[in-house]
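Since the structure comes first, as structure tokens, the remarks are kept for the end.
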Amino acid sequence: MRALHVDPADSTPIWSQIEEGFRRLVASGALLPGVVVPSVRDLARELSINPATVAKAYQRLAESGVLTIRRGEGTYVSDSPPAMGRGERARVLKDGATRYASLAVTIGAGAPEAAQELQSAWKQFRDGAKGEKR
Amino acid sequence: MRGFVAVARREIAENRMALLAALIAGMSPIAVPIVRNFHGAHASEERSLVVFFAAVTLAAGLSIALGFSTLSQGISNRRIGFFFARPLSSLTIWAGKLTGVAALALAAALIETLPSLLVSGGHLQTPFGWSLWLFLALALLLIPVSHALSVLLRSRSAWLALDLALTVLAALIVGVSTRALIRELAADALTRGLIGLAIVLSAAFLAAGFAAVSLGRTDIRRAHRALSKFFWAITFSGALLSAGYAYWVIAATPGDLEEIGITVTAPQGAWLTVGGRARLRGEYRPNFLLDTSSGRWWKAQEYYHSVVFSRDGRQAVWIQGDPDPRLGIFDRREAWTPWRRPLELYMRDLTALSSKPVATRIFVRTTPIALALSPDGSRIAVADSHEGSTLSVYELASGRSLASVRLPYSGGARLYFVAPDRVRIFTNLPSSGPTTPGRPLQVRDFDFSAGKLSPPREIGFFQGGVLLRVEPSGQRLLVRDFKKKRVELFDAGTAERLATLSEKSTGADFLSNGRIAVAEGGPEAPRIRLFDGSGRDLLPIAFDAAASVTLGGEIAPGKLVVLARRRADRWTDGALFLVDFDRGEKRSVAVGLYPIASSQAWRNDDPSSRPAPGSDATKLFYAAAGNSLVYFDPLTGERHAVLGPHRP
Amino acid sequence: MTSPREAAVSLERLMVRYGHATACEDVSLSVTRGAVYALLGRNGAGKSSLVRCLLGQQKPTAGRAFLFGEDVWKRRASLMARVGVVPEEPDAPPAMTARQIADFCRRLYPSWDQAAVNQRLERFGVPTDVPFGKLSKGEKGEVMLAVALGHEPELLILDDPTLGLDVVARKALYEELVGELADRGTTVFITTHDLSGIEGIATRVGILKDGRLVLDEDAETLKSRFRRIRYGNEITETRSAYGTELDAFEAVKVKVRGWGVDAVVSNYDDLSFERFRQTDGVVDAEVAPMSLEEIFLAVAGEGPAEKAIGAQIAKGASR
């Protein structure tokens with residue numbers, strides 16, 4: 001997985017970096033639904049990181065529906081966005097928003113600037129995904 | 001087991017070049033005789049020598065070299081960690097590697113013999129019939145030794161100094177007890193002790209070498225410490241045990257004696273010297289001075305010779321020390337004493353309870369030697385029995401030499417004080433065999449206060465051995481020729497023959513009142529004939545049922561103990577008789593007793609050692625039952641055991 | 001601390017002394033099954049002695065070493081059936097080829113996967129019929145690793161396995177290691193200088209400094225509490241280099257540079273940093289995460305001032 005980079009020195013845990021990386025790839029359309037992703041073993045070997053870490057990331061991705069693990073066949077990008085209840089989706093969104101907000105605040109950005117960035121990133125992903133689907 | 005085999009195989013593979021070298025070395029026994037131009041049997045002899053030597057040297061060399069490097073190098077450079085990181089026990093690693101080395105050394109030696117075997121058609125001679133396997137086994141024993149030494153040296157630890165010190169100490173312990181055993185001629189005990197020690201040392205090397213690997217592992221210093229602890233614990237135990245054994249062997253008592261032999265009895269009193277094989281101590285034969293009446297005894301220190309008792313039985317004199325092996329050997333074992341002490345006369349007062357041997361400072365050169373004590377015990381005459389020896393007379397208490405003279409004779413000599421300042425010398429005496437060819441049995445007198453040696457008087461030539469019996473006064477002499485069975489009476493001063501008493505004599509002796517008893521054998525029934533002082537026949541006492549008779553001691557004036565054997569070849573079922581010459585009677589008093597006085601007479605006919613009539617020596621007997629020493633007075637019937645197992 | 005019974009590796013107050021020199025002292029640590037424990041330390045810090053005690057090849061002067069709950073000095077032979085060892089100095093007999101080494105080891109273990117060993121050697125590109133002594137350092141290490149994994153050990157002990165290896169060989173080694181972790185969940189105890197290489201793989205980190213274990217912590221929490229804080233101090237010229245503004249943090253190492261202060265702190269949290277940033281005189285405050293290498297340098301690096309501060313580290317180790 002060329003596009004997935006992990007920096008062990010980064011303050012965020014590696015499993016989190018992997019998780020975020022996958023989300024980004026799926027959201028941007030670089031990883032299409034139904035595509036097979038590397039096994040835990042292969043990804044760990046490639047990145048030289050502990051397989052347990054990869055396994056943890058895959059587990060979380062599977063739980064949130066981004067990836068689907070089919071026993072004996074491998075791990076795939078899920079076909080459709082995860083089926084989530086309204087309450088759960090709200091919570092997940094709120095989590096992400098809180099993280100973004102604290103990041104913005106700590107670097108001294110104001111709310112308008114932050115909102116603007118959020119908008120353009122959203123567009124990027126949407127457009128990218130659309131492009132791929134075509 | 002698989003691990004052991006794997007480790008051993010690896011060790012062999014690692015050094016397999018040695019086998020090639022062995023094959024090449026195997027060519028030399030074939031090449032050498034060719035080079036030296038030997039042929040035939042000579043060549044094959046040469047070959048067998050070279051093969052043997054080369055095989056043993058090869059095995060030894062490989063044992064030392066590989067034993068030195070195989071384990072300890074790996075410990076000190078930690079490469080042995082390769083084996084320790086595997087599921088191999090320390091025992092497997094140690095045993096596997098050493099066994100591999102042993103197998104290699106053995107194989108190399110045997111490969112070396114192959115070319116010669118082929119040439120000689122499958123048959124290999126060994127020099128002197130030595131066993132090749134034995135020598136190879138000994139060579140392989142060098143492996144654990146070399147391994148142990150290599151650990152010591154590679155560790156570069158200060159403990160080595162301690163090891164050296166302990167080596168010296170252990171060597172001292174062993175050396176002291178070895179010397180003691182050599183001194184006492186306890187060769188069997190020495191051999192046993194040394195073999196035991198060799199076994200203990202081998203076990204020590206093996207155990208300590210294993211401990212080094214097992215407890216040291218990759219730490220060479222710890223390996224050294226473990227090795228030293230185990231090695232010295234085992235070795236010192238062995239050394240102390242062997243020293244203890246040596247001490248126990250030497251601490252034999254008369255009660256430990258089997259096959260007792262009485263060499264000398266005191267003319268008066270109850271003392272005698274007794275020796276024999278000490279029980280459970282191999283062929284160790286200690287000697288004791290024993291008082292048969294009280295049971296008091298003193299053990300002879302080291303090897304001592306030529307004991308004489310004073311006539312009153314209150315004093316013993318003997319020679320102590322190691323003979324100079326250059327001057328002729330009395331006993332082959334004597335030559336081997338490495339710490340030689342000069343031969344010196346010692347004396348001891350037998351009456352004092354806590355007396356000690358006293359060195360007289362009178363030295364002699366070698367044994368055997370002729371000794372005679374003056375009747376009052378104050379002087380001693382000494383002559384050695386070799387050609388051109390010197391007769392010297394000393395004062396015992398001071399060691400001062402009173403006189404000395406050169407004796408022109410060869411062969412044995414007997415000395416006898418006929419007066420306080422005169423010594424009678426009988427020379428050219430054979431102990432067995434004829435008198436020196438061309439030299440007759442002679443008698444001389446040495447008046448040492450005047451320093452005059454009388455010219456010799458000839459007694460005669462004898463073809464067989466002779467027995468001398470000197471009358472207590474010293475004036476008359478009985479000479480018994482073994483071969484001709486003849487007994488003759490001589491005047492001791494003039495050497496004049498007074499009478500021929502018998503032509504079929506088996507024994508003869510003077511009785512206390514000057515009369516003479518002669519035992520006779522021959523085709524008829526044995527008998528004892530009594531003669532008067534001038535040789536006139538008085539009466540015979542016949543023993544019809546006996547095969548032979550042996551004269552014993554005079555237990556009272558005129559009363560003689562006689563052993564009558566039923567069969568010539570043993571005495572144990574013989575009957576002991578008391579012969580009363582005054583009445584001309586005999587009566588049987590015991591069975592299975594052998595008079596000590598008879599064996600004395602036969603073995604050591606020192607004129608001054610004859611037991612006085614009625615003395616204890618005449619009432620001491622060997623008892624057939626249990627090979628013991630018994631006191632028996634036929635007149636009173638008193639009988640008790642003195643030495644040996646006390647069986648009812 | 002997990003009890004010795006559960007832990008794959010356990011050291012209890014281990015001390016190793018050679019004469020008057022102490023290699024390591026009062027070292028206690030525990031490695032749970034499935035963990036990857038990286039022991040870091042400068043040369044001479046006592047790592048090798050410790051590893052030898054772990055392998056039952058050296059008897060500790062004091063304390064004990066356990067593998068799978070059993071005293072390894074006493075039960076070494078049976079324990080080694082479950083352990084794969086890659087030593088610092090490759091110690092296979094120089095005359096043996098890789099094939100012979102594998103053949104030798106094969107006989108010693110009840111389960112041995114010769115095919116896997118062959119595959120590994122092929123993957124590494126190591127010639128199997130060249131005597132061990134003639135192989136390069138990297139090839140030697142690869143052979144030792146291939147053989148160590150041959151009996152599918154539950155525990156792998158590696159003593160500085162990447163020493164002397166080039167980039168390619170190092171990558172190959174880590175790949176092999178990770179593959180083993182993925183396939184069998186092997187417990188790993190590794191001492192190393194390649195901090196960046198082990199960073200993503202280790203689950204727990206220990207730092208040995210002058211024979212003592214000054215840090216023994218979960219890798220993730222370690223990274224989460226160490227930060228490098230850079231800031232400007234407006235009153236630098238007139239006052240001492242840094243004052244009380246850093247008091248909220250446990251500063252491990254503080255350096256004053258031309259542009260400001262460079263501080264390594266060991267108990268970072270966002271709230272404290274916010275307060276710090278609001279402190280008078282603090283300008284341009286930045287915070288950056290630290291790699292394992294940077295953390296190690298801060299904890300185990302020398303220098304008298306740092307030595308004194310470095311003694312404060314072990315707080316927070318229970319996280």
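Basis for what follows: all heavy atoms, side chains included, without hydrogens, waters or symmetry-related copies. This one's a predicted model, so the numbers in the text were calculated from it and none came from an experiment. Naming: A, B, ... by sequence-line order, numbering from 1 per chain.
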Review point. Can you say whether C:Glu89 sits under 4.5 Å from chain B via the side chain, the backbone, both, or neither, judging by heavy atoms?
Key: neither
Check your understanding: More than 12 non-hydrogen atoms from neighbouring residues, nucleotides or ligands closer than 6.0 Å to NZ on C:Lys134, yes or no?
Key -> no
Review point. If you draw a 6.0 Å radius around CZ in B:Phe230, do more than 12 non-hydrogen atoms from other residues or ligands fall strictly inside?
Key: no
Check your understanding: About how many Å separate CZ of B:Arg10 and CD1 of C:Ile101, when rounded to the nearest 0.5 Å?
Key -> 8.5 Å
Review point. Measuring heavy-atom distances to chain B, does C:Leu79 have an atom under 4.5 Å in its side chain, in its backbone, in both, or in neither?
Key: neither
Exercise for review: Please say whether more than 12 non-hydrogen atoms of neighbouring residues, nucleotides or ligands are located less than 6.0 Å from CZ in C:Arg184.
Suggested key: yes
Practice item. Write down the atom of C:Ala81, the atom of B:Pro87, and the distance for their closest heavy-atom approach. Key: N-CB, 3.8 Å
Exercise for review: State whether the number of non-hydrogen atoms from other residues, nucleotides or ligands found under 6.0 Å of C:Arg17 atom CZ is greater than 12.
Suggested key: no
Check your understanding: Contact part of B:Arg221 toward chain C, heavy-atom cut-off under 4.5 Å: side chain, backbone, both or neither?
Key -> neither
Review point. Does a sphere of radius 6.0 Å around CZ in B:Phe53 hold more than 12 heavy atoms from other residues, nucleotides or ligands, not counting ones at 6.0 Å or beyond?
Key: no
Exercise for review: With a 4.5 angstrom heavy-atom cut-off, could you sort out which part of B:Arg86 is near chain C: side chain, backbone, both or neither?
Suggested key: both
**Study point:** Spatial distance of atom CZ (B:Phe84) from atom CG (C:Asp91) [nearest 0.5 Å]
**Key:** 11.5 Å
Exercise for review: Report yes or no: does B:Arg217 contribute a side-chain atom to a donor-acceptor pair with the main-chain N or O of C:Trp73 at less than 3.5 Å?
Suggested key: yes
Check your understanding: Which bit of B:Thr92 is near chain C, if near means a heavy-atom gap under 4.5 Å: side chain, backbone, both or neither?
Key -> neither
Practice item. Under 4.5 Å, counting heavy-atom pairs only, tell me which of C:Pro87, C:Gly84, C:Gly56 racks up the most with chain B. Key: C:Gly56
Practice item. Using a cut-off of under 4.5 Å on heavy-atom pairs, state which of C:Met80, C:Arg107, C:Arg76 scores highest against chain B. Key: C:Arg76
Review point. Within the side chain of B:Thr218, is there an N or O that forms a donor-acceptor pair under 3.5 Å with the backbone of C:Gln57?
Key: yes
Exercise for review: Please look at B:Val7 and chain C and tell me whether the side chain, the backbone, both or neither of the residue comes under 4.5 angstrom of a heavy atom of that chain.
Suggested key: both
Review point. Measuring from B:Arg222:CZ to C:Tyr18:OH, what's the distance to the nearest 0.5 Å?
Key: 9.5 Å
Exercise for review: Please look at B:Ser157 and chain C and tell me whether the side chain, the backbone, both or neither of the residue comes under 4.5 angstrom of a heavy atom of that chain.
Suggested key: neither
Point to revise | Options B:Ser90, B:Gly216, B:Ala85, B:Ala6, ranked by heavy-atom pairs under 4.5 Å with chain C, top entry | key: B:Ala85
Point to revise | More than 12 heavy atoms of other groups within 6.0 Å of C:Arg123 CZ | key: yes
Check your understanding: Looking only at heavy atoms, which two atoms of C:Cys105 and B:Phe82 are closest? And how far apart?
Key -> SG-CZ, 4.4 Å
Exercise for review: Would you indicate whether C:Glu122, at its atom CD, is surrounded by more than 12 heavy atoms from other residues, nucleotides or ligands within a distance under 6.0 Å?
Suggested key: no
Check your understanding: Are the side chain of B:Arg79 and the backbone of C:Ala92 linked by a donor-acceptor contact shorter than 3.5 Å?
Key -> yes
